[in-house]
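To keep things clear, I will list the structure first and then write my remarks on it.
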Amino acid sequence: MKNKGAIKFLVYAFMVVCLYQLSFSFLEGVYLNRAKEYAKGDSALEKAYLDSISDVEVLNMGIRKFTFQQIKEHKLNLGLDLQGGMNVIMEVSVSEVVRALSNFSKDATFNKAMALAESRQSNSQSDFVTLFDQAWKEVSNGARLSAVFSTRENQGRITFNSSDAEVIDVIRAETEGAIDRSFNILRTRIDKFGVTSPNIQRQQGTGRIIIELPGVDNPERVRKLLQGTAKLEFWETYENADIIQRIFDVNKLLGEEKKRSSGKEDSALAALSATSESTTDTNAIAATDTTNGDDLMKQLASADTASEGDTSKSMAQARLENPLFALMMPAVTQEKDGSSRSVKGPVIGTSSIRDTAKVNAIFARQEVRALLPRNLRLLWTVKGRVEGERFLDLIAVKTRSNDSRAPLEGDVITDARESLDNMGQVEVSMTMNPEGAKTWRRMTADNIEKSIAIVLDDYVYSYPTVRSEISGGMSSISGNFTVDEAKDLANILKAGKLPAPARIVEEAIVGPSLGAEAISSGLWSIVAGMLSVLLFMIAYYARAGVVANVALFANVFFIFGVLASLQAVLTLPGIAGIVLTIGMAVDANVLIFERIREELSGGKSMRMAVADGFKNAYSSIIDANVTTLLTGIILYSFGTGPIRGFATTLIVGILCSLFSAIFISRLIIDYMVEKNKTVSFGTGWSMRLFSNLNIDFLGRRKLWYSISGFVIIAGFVSMFAQGFNLGVDFRGGRSYIIEVPQGQKSTDIRAALTGPLTSAPEVKTFGSDTKFKVTTSYLIGQQGQEVDEQVERKVFEGLSPILGGKVNFETFRDKHILSSQKVGPTIADDIKTSAVLSIVVSILVIGLYILLRFRKLNYSIGASVALLHDVLVVLAVFSLFWKFMPFGMEIDQAFIAAILTIVGYSINDTVVVFDRLREYLGVHHVSENQKILNTALNDTLSRTIITALTTILVVLVLFLFGGEVIKGFTFALLVGLVVGTYSSIFVASSLVVDTDNWFNKRKSR
């Protein structure tokens, strides 16, 4: 083995990197356990403890230090199906953006084109602007789009002489901008929601935004938060000097209350004091040139200079005497003589992000409000001023006493963009309509040398200082902006210009109890799957099996390490991918061991047999894994959510298994050979099991064609007769997993719900006899925040007699609905199209790879048709038996993931046979014939069967222990593995022979 030293270094380095990445997850677990031990069951106290150490350094690695918050950001995250939470796909209403751009034109032709585009959208993969363009061309009769869109608001971009293509370009740019603004607004809302490790991303090429919110327990609040229309406002502000003394009065009031409270502190504040963890880092805040009042500064200074033993007590005392300033540092400056004075501007204080809710609670108290002006409104900035720290400023906004609305709102903005001033500095130019210009002139005239707060969704994005009265509706906002910051502010200003509501078109909710069950079943399936493979490999390959098992342990370790380094999300399908990888990981070792056994049976020494065995197996290993890797990449490209998690795990697993088998197994076996240790590659029975085989597989190929043809024809008949059990994500609708008292049957649940839901829903037992999956299309075509709750109330209405009178709607929604899913009809159509496209693309890509790799068209045809055969047989089984199986056999995104995995596995087997055939043809220098193919099939049969057995074994374990959620998915894998093995042996090679014969006949004519 060449470069052994470099390979050893690579292996050790990879281990260290993986250990480093996994250490974050371990450390987080340590601190979570400490929090639970400290809180002793009090969830509020546990949260307070974790909040208190969020910005505390918990890991020092010399060159880099990590706070607890950073530890959480680097850990291996769990998916929603493992910890509970909410997955949402939102779609921006592009059609409403287009209508607004036209200034809601009443033009009959325009509205006819819009209606036509909207009707086609549900059955098309094209974006709405393209559909509108096509519809306009059909109905316009030569009319020009510029006649509709050359409005005052579009002045400068669209004129009456603009061509239709130019108008469409402007519309497309504006709709893209509206989607980007919606994305940014949603991201900000989510960041402020307080969810740990949220994920939000745009689905490129569409107006859709994917959002994952782990651990949320109030779906209704999330729906309202996400679907609310953006509210852009301009407010006058108070100067710090006008308000700061009142803020000190509030702190004094709270301090006096503490003294009178006979030593009983609030539990969360007591937790922070007891653990000596400051919620607001005074040193970090000092860097902003702000400080406390004189007395408070003296208290904190004395605490800082106290002896090490007294520091904790002194700081705790200072915080208890200054309850408000323990959470928020007031915006004052300290003079040289020790006195303090107010600062210029509307900032009254700065607080850690995690403490903002506590500060809000203080200022909401009635006795505190009595100390403040009635028209004072306190709003937080959306970003902090302290670089590298998580602190926000509190802004004093001045409202109108007789009107709760802002003096100026976002609907007056006609344009905003980043630009450069005369000095080359970045600024934001803003244009208003005449009504807005008039109000803006008055506001600026009344607030010279004061600030005006620009507020979006109750967060201050900017508070520029007015230098002079601004008339004409055109103004600029300057500051120390970067180009990106200026773009962001321009986007914020345009947020109120066009209505671009984002609606939930797909939703999945998993309750924490179901997530805990998924973790338990997933871990058991990993343990049982690994144990079964470990025992089998030792029983079949003896000491070489032990080597393979070491490589297998390393493989699983590497998989988790790489997933952690990628900050990937581990989902239940992801765990299924790991279990599947465990079965497939032994394939490379099986290929190597079988080749070594062949070399040994040919009379070679152990050293030569090992060297030649590895060398001769490399080609098959690479080809087999590249084809599986291609299907994983396609699955990742077309999948979303948990399916993408499965694809990520599969891709990482394939690469790690290759690394483990080729390098780690080789290093161990070479070491054993060099030390003259006994290396056995089989036991007595396993060495004899597949020896001297001479089965005529291809002589009976008409029989194999007949068997496959019969199953596929029966499947087609069933598909037309009874169809498939389509999942919610393929047909649209809502599904709920509901827990009810024991003794209920699915027929009872269906009968109870038929009336309220106006038609009989589909009801199936889900695992235990107390859980049922209810699927309905009731009101699925309607939009609105209240529709989801309306459907849930109807389900509650039907189940109330079964649940009993003590269960109210809130209890039902929180305790009895374990998970839910909603898919709108438009996105369901898109999912179906993407599913079919992913299967077709995967077969074509693999066929092309086989053609390029083997340079034989009949190889490519044989492999591609065999893959299509596997897909059709699995579909046939699901169509024939879905009504009879005791578990769900739904055609959904998970099923498509199973199909693509089967495609990758099946071609893996086929490529090994083809690779051996290519080797034999190179030795014998003959064209493909039945004898050579039969020899290749017989010589690779041991590898085919062993790999199939180990993979089927772990998938069977996953089917039995993996939980109800993925039972249909694992059953599809089981069927596919059997069918894929069958087609690799009996179908693909038969097709190679027959297509070769057909080509030869064509040539001889």
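The structure displayed is predicted, hence computed values, not measured ones.
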Side chains of Leu698 and Leu937 in contact at under 4.5 Å (non-hydrogen atoms): yes
Ignoring hydrogens, what is the shortest heavy-atom contact between Ser879 and Gly723? Give both atom names and the distance. OG-O, 3.0 Å
Taking all non-hydrogen atoms of both residues, which atom of Gly653 and which atom of Ile559 are closest, and how far apart? CA-CD1, 3.7 Å
Taking the side chain as every heavy atom from C-beta outward, state whether Val845 and Ile634 have any atom pair closer than 4.5 Å. yes
Could you walk me through whether Phe895 and Phe969 satisfy the ring-ring contact (aromatic ring centres under 6.0 Å, His included) test, starting with their C-alpha distance in whole Å, then the side-chain angles of each, then the deciding distance to 0.1 Å, before giving a yes or no? CA-CA 5 Å; Phe895 175 81; Phe969 167 74; 9.5 Å; no
State whether the side chain of Tyr636 and the backbone N or O of Ile651 hold a donor-acceptor pair below 3.5 Å, judged by distance alone. no
Ignoring hydrogens and geometry beyond distance, is a side-chain donor-acceptor pair present between Glu599 and Asn616 at under 3.5 Å? yes
Pick one: which of Ile846, Leu857, Asn858 meets side chain to side chain contact (heavy atoms under 4.5 Å, CB included) with Leu851? Leu857
Nearest heavy-atom contact between Gly613 and Ile596 is CA-CG1, 3.8 Å
Can you tell me how far the OG atom of Ser860 sits from the CG atom of Leu848, to the nearest 0.5 Å? 7.5 Å
Can you tell if the side chain of Leu941 reaches within under 4.5 Å of the side chain of Ile985, non-hydrogen atoms only? yes
So, taking the atom named CG in Leu852 and the one named OH in Tyr849, what distance separates them when rounded to the nearest 0.5 Å? 9.0 Å
Do we get Arg597 above Phe681's six-membered ring, with its NZ or CZ under 6.0 Å from the centre and within 45° of the axis? no
What's the verdict on side-chain contact (heavy atoms from CB on, under 4.5 Å) for Trp882 and Gln722, showing C-alpha distance, side-chain angles and the deciding distance? CA-CA 10 Å; Trp882 69 270; Gln722 64 179 11; 4.1 Å; yes
What is the distance from atom CD1 of Ile654 to atom OG1 of Thr627, rounded to the nearest 0.5 Å? 8.5 Å
Between Ser989 and Val913, what is the shortest heavy-atom contact and its length? OG-CG1, 3.8 Å
Measure the spacing between CG of Asn589 and CG of Leu552 and express it to the nearest 0.5 Å. 8.5 Å
With no hydrogens and no angle check, just 3.5 Å: does a side-chain donor-acceptor pair link Asn555 and Ser657? no
Over 60° means perpendicular and under 30° means parallel, so tell me whether Phe971 and Phe959 are parallel, tilted or perpendicular. tilted
Residue pair His869 / Ser708, side-chain donor-acceptor N/O under 3.5 Å: yes
Pair Glu890-Lys773, salt bridge (Lys or Arg N to Asp or Glu O under 4.0 Å): steps then yes or no: CA-CA 12 Å; Glu890 292 185 348; Lys773 185 173 184 178; 3.3 Å; yes
With side-chain contact (heavy atoms from CB on, under 4.5 Å) as the criterion, how do Asp612 and Arg595 come out once you've worked through the C-alpha distance, each side chain's angles and the decisive distance to 0.1 Å? CA-CA 8 Å; Asp612 290 346; Arg595 292 308 296 249; over 6 Å; no
Taking the side chain as every heavy atom from C-beta outward, state whether Ser906 and Ser984 have any atom pair closer than 4.5 Å. yes
Could you go through the ring-ring contact (aromatic ring centres under 6.0 Å, His included) check for Phe878 and Phe724 one step at a time? CA-CA 7 Å; Phe878 267 65; Phe724 295 102; 8.3 Å; no
Using a 4.5 Å cut-off on heavy atoms from C-beta on, say whether the side chain of Asn694 contacts that of Asn934. no
pair Val903-Asp870: side-chain heavy atoms closer than 4.5 Å: no
Looking at side-chain heavy atoms only, is the closest gap between Phe772 and Ile737 below 4.5 Å? no
Run the numbers on Arg750 and Thr747 for side-chain contact (heavy atoms from CB on, under 4.5 Å), then give the verdict. CA-CA 5 Å; Arg750 186 182 300 109; Thr747 51; 3.8 Å; yes
Residue pair Phe914 / Ala863: nearest heavy atoms and the distance that separates them: CE1-CB, 4.1 Å
With under 30° as parallel and over 60° as perpendicular, where do the rings of Tyr982 and Trp704 fit, or are they tilted in between? perpendicular
Just by distance, do the side chain of Ser665 and the backbone of Ile662 share a donor-acceptor pair under 3.5 Å? no
Worked check of side-chain contact (heavy atoms from CB on, under 4.5 Å) between Leu531 and Phe536: CA-CA 9 Å; Leu531 188 61; Phe536 179 84; over 6 Å; no
Can you confirm whether the side chains of Thr631 and Ser842 place a donor and an acceptor under 3.5 Å from each other? no
OH on Tyr540 to CG on Leu949, rounded to 0.5 Å: 9.0 Å
Look up atom CD1 in Ile899 and atom CG in Leu875, then write down how far apart they are to the nearest 0.5 Å. 5.0 Å
What pair of heavy atoms forms the shortest contact from Thr981 to Ala948, and how long is it? OG1-CB, 3.5 Å
State whether a side-chain donor-acceptor pair under 3.5 Å links Thr775 with Ser735. no
Side-chain donor-acceptor contact under 3.5 Å, Tyr541 with Asn549: no
Indicate yes or no: at least one non-hydrogen side-chain atom of Val979 is less than 4.5 angstrom from one of Ile902. no
